[in-house]
Amino acid sequence: MNSDTRKHQEPHEYSLAICTLASGSKGNATYISDGHTSILIDAGLSGIELQRRLTSRGLDPAKLDAIIVSHEHSDHIKGVGILSRRYKLPVYINQPTRNVLAGLGRLHEIKPFECGTTFNISNLAIHPFSISHDAEDPAGFTIGRNGTRMAIATDLGIVTAMVKEHLKHCTLLILEANHDPQMLETGPYPWPLKQRIQSRVGHLSNTDSKKLLHELQHEKLQHVILAHLSEINNTPHKAFAEVSQALTRCKAELTVADQYASGPVIYLK
Ligand SMILES: [Zn+2]
Ligand SMILES: [Zn+2]
């Protein structure tokens, strides 16, 4: 067992624990907990694989309290139905997304949310905000606890002023760095798909992500996790090399989320 897969020692006191279970077009899921309440943002792998990814980091799937769905694309919802039924989890989902998700099967409980309106799951304050992506009502999220805040923004074609506003002042950011523009341009994707990815409702490039992070960085930013990397049009090395140039005014740790394994559990004070 190498150091990367070793279970992390849980500190005595923390506000939020965050673990990316999977990230990319083959499945996305992020675990967030304050030690009492534990949620998943998206569950885009099979139930059994998500259980495996959680337990590989010492996280107990039976202690989950809810799943929040960002949008209806299959890489975000594959395990939602099975986990909801198996662990009796409420699923937080907005109505336009729910309307196009007949395929989820029976859910234990549906809790509607609206983009722009904060809701609470116990002591976690969740704020969903609209993002520009080709789905019915796609959302990014900030999650706050004890004044500590993290944000997740993947699957977005452009960064609107509102998105920027929400990503400010966070201690941890999960940001999309989907593609290297050059690799996408010269890569094997058919032209319409290249157009879709580059469009206002597609995905953020490494260059976009760098620009955004350059603006957002602040002294209290501790972690930035690059997410939803394309396996065809990007490499972790390229994403890291480009986006790391943005961090000129803070000492945040930059890492890249993996498609095939859970990342380390990151604890925020
Ligand atoms: Zn999507
Ligand atoms: Zn996606």
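Just so you know, ligand 1 is whichever comes first in the structure, and atom 1 is the first atom listed for that ligand. This structure is a prediction, so every number in the text was calculated from the model and none was measured.
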Kindly give the atom name of the N, O or S atom of His73 closest to the Zn ion (ligand 1).
ND1
Mind checking whether the Zn ion (ligand 2) has an N, O or S of His203 under 2.8 Å?
no
Strictly under 2.8 Å, is the Zn ion (ligand 1) approached by any N, O or S atom of His76?
no
Looking only at the side chains, is there a donor atom on one of Asp42 and Ser70 sitting less than 3.5 Å from an acceptor on the other?
yes
Regarding Arg53 and Glu49, does a basic nitrogen lie under 4.0 Å from an acidic carboxylate oxygen?
yes
Side chains of Asn123 and Asp34: is there a donor and an acceptor less than 3.5 Å apart?
no
Need the atom name: nearest N/O/S atom of Asp155 to the Zn ion (ligand 1).
OD2
Can you name the N/O/S atom of His71 that is nearest the Zn ion (ligand 1)?
NE2
Side chains of Ser205 and Asp208 only: does a donor on one sit below 3.5 Å from an acceptor on the other?
yes
Decide yes or no on ring pair (Phe, Tyr, Trp, His ring centres under 6.0 Å) for His76 and His71, but give the supporting numbers first.
CA-CA 7 Å; His76 297 260; His71 65 295; 4.2 Å; yes
Asp75: its N/O/S atom lying closest to the Zn ion (ligand 2) (atom name)
OD2
